[in-house]
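Report on the structure given below.
Throughout, protein chains are lettered first and strands after them, A, B, ... in sequence-line order, and every chain is numbered starting at 1.
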There are 2 protein chains.
Amino acid sequence: MGVTRVYSYTLAGKAGVTPEQVRKDFSEYGIKGNRRGGYLTESLVREIEVIFSRDRESNVVVVGMGNLGQALSRYERFAGRGINIVATFDIDPYKHKSRSDIHVYPMERLEEITERFGVTVAIIAVPEISAQEVCDDLVNLGVRGIVNFSPVLLKVPQYVVVNNVNLSDEIESVILSVRRMKDEQSLFL
Amino acid sequence: MGVTRVYSYTLAGKAGVTPEQVRKDFSEYGIKGNRRGGYLTESLVREIEVIFSRDRESNVVVVGMGNLGQALSRYERFAGRGINIVATFDIDPYKHKSRSDIHVYPMERLEEITERFGVTVAIIAVPEISAQEVCDDLVNLGVRGIVNFSPVLLKVPQYVVVNNVNLSDEIESVILSVRRMKDEQSLFL
DNA sequence: GATCTATTGTGAAACAATTCACAAAATACA
DNA sequence: TGTATTTTGTGAATTGTTTCACAATAGATC
């Protein structure tokens with residue numbers, strides 16, 4: 001875009017944080033700018049790409065091809081961030097055979113495919129009841145990171161990272177905030 | 001389930017936090033237990049339901065019926081949390097006409113329907129390019145809370161709450177953690 | 001009913017994150 | 001080239017959160 005330098009306050013404005021935050025974070029990771037000259041976009045982008053491992057791609061599988069799993073497997077935005085959905089799985093792959101999309105494999109082929117693609121990160125989008133079982137299988141096959149869309153607290157060894165995403169919680173928190181704001185407002189009437 | 005009392009450590013174990021955390025949080029909201037007797041499940045559930053507004057339902061709309069919007073509109077788990085998806089919208093409702101699901105309305109009917117159902121919270125699942133415009137429309141129609149699945153920082157008046165959910169970020173953070181753990185481990189070799 | 005024990009409730013302490021404030025340095029400009 | 005100005009980089013101060021530690025007390029036990 002022809003911009004050669006950015007300043008902490010420029011980035012802060014775009015990101016919705018304070019300039020100090022931007023500078024502290026950069027400083028933490030050894031990113032240096034020029035006093036008075038700001039940060040050079042070109043080298044900044046390169047350094048951030050390295051920090052976020054954007055210089056390498058990651059092969060990821062999705063387990064559970066219900067509505068959410070299908071949406072995730074078709075999510076175009078992952079590609080630009082080095083996230084490759086290499087395969088998807090479901091106990092009943094025929095039920096969810098999707099036109100013009102990544103193939104849905106039966107659970108039996110989990111081992112073969114995680115091995116082939118060197119998968120270490122998986123997305124769990126199965127129903128509550130089978131989440132722990134799927135998780136155990138994945139961990140046994142060498143998966144070390146899990147993004148968990150099921151509403152259960154997965155039990156994993158300490159060397160496995162779990163990130164829980166709960167869509168109901170996300171919406172509920174907004175509903176609560178809105179209600180609180182309204183309550184506060186009505187105090188002035 | 002026949003359980004009449006629970007203890008802070010029971011709940012903490014299930015939730016993956018410390019017992020102190022549970023007690024501090026309860027204390028913050030005026031929930032009292034009995035020393036030595038723990039918390040009475042029945043009254044505890046009631047109090048939590050009030051705090052989380054689970055005693056009332058909320059009408060919510062989904063704007064943008066791509067893959068993610070469709071998945072969200074079919075997400076069964078919302079119902080049990082007092083979250084009612086009352087309508088969904090898309091610029092091209094015919095493209096996404098889904099069998100046996102909530103009707104997809106054209107954007108022109110946003111006003112009519114938000115008014116009819118008293119909608120104050122909306123989910124934005126439209127492409128990046130149209131997110132701010134949709135957001136402005138919603139705010140003008142009285143929406144005061146937004147769950148934003150698009151990767152843009154929405155500009156809203158201070159009286160509007162925005163919760164950003166970025167699926168790429170969620171997955172990337174796990175990828176990063178896994179890579180860091182591996183790097184640490186290889187130091188011991 | 002007296003004593004013992006488990007659990008709460010909460011100040012105080014420790015820890016973590018954010019903001020402030022300003023010296024140091026690079027650029028702009030005369 | 002010298003001076004003025006802008007922006008970084010970061011210690012110090014502040015603010016926020018989590019953990020500790022223990023008195024208070026309800027319930028269990030004898």
Starting at CG of Leu44(B) and ending at P of dT8(C), how long is that distance when rounded to a whole Å? 11 Å
Whether the side chain of Thr41(B) engages the backbone of Thr4(B) through a donor-acceptor N/O pair (distance < 3.5 Å, no angle test) should be reported. yes
Would the distance check show the side chain of Glu57(A) and the main-chain N or O of Ile83(A) forming a donor-acceptor pair, the cut-off being under 3.5 Å? no
Residues which pass side chain to side chain donor-acceptor pair (under 3.5 Å) with Asn163(B), listed by chain and number, not counting sequence neighbours: Glu170(A), Ser173(A)
Whichever of Arg5(A) and Gln21(A) has its nearest DNA chain C nucleotide further upstream toward 5': Gln21(A)
Protein-nucleotides 3-6 of chain C N/O pairs under 3.5 Å:
| unit_1 | atom_1 | unit_2 | atom_2 | d |
| --- | --- | --- | --- | --- |
| dT5(C) | O2 | Arg36(B) | NH1 | 2.4 |
| dA6(C) | O4' | Arg36(B) | NE | 3.1 |
| dA6(C) | O4' | Arg36(B) | NH1 | 3.3 |

To the nearest angstrom, how far is Glu28(A) atom CD from dA16(C) atom P? 13 Å
Rounded to whole Å, please give me the gap between NZ in Lys24(A) and P in dT19(C). 11 Å
Atom pair distance, as rounded to whole Å: CG in Leu40(B) and C1' in dT8(C): 13 Å
Would Glu112(A) and Arg109(A) pass as an ion pair if we require N to O under 4.0 Å? yes
On DNA chain D, reading 5' to 3', which nucleotide is the first and which the last to sit with an atom under 4.0 Å from a heavy atom of chain B, could you check? dT18(D) to dA28(D)
For Ile91(A), does the CD1 atom have more than 12 heavy-atom neighbours from other residues, nucleotides or ligands under 6.0 Å away? no
Could you check whether Tyr39(A) gets within reach of a base, just the sugar-phosphate, or nothing at all, counting any heavy atom under 4.0 Å? sugar-phosphate
I want to confirm an ordering. Mapping Gly37(A) and Glu20(A) to their closest nucleotides on DNA chain C, which one lands closer to the 5' end? Glu20(A)
If only side-chain N and O atoms count, and only distance matters, is there a donor-acceptor pair under 3.5 Å linking Ser168(A) with Arg81(B)? no
Has the side chain of Arg54(B) got a donor or acceptor atom that lies under 3.5 Å from a matching backbone atom of Arg46(B)? no
Is the shortest side-chain N to carboxylate O distance from Glu28(B) to Lys24(B) below 4.0 Å? no
With a 6.0 Å cut-off on ring centres, are Tyr7(A) and Tyr39(A) close enough? no
Could you check how far CD1 of Ile31(B) sits from P of dT8(C), rounded to whole Å? 13 Å
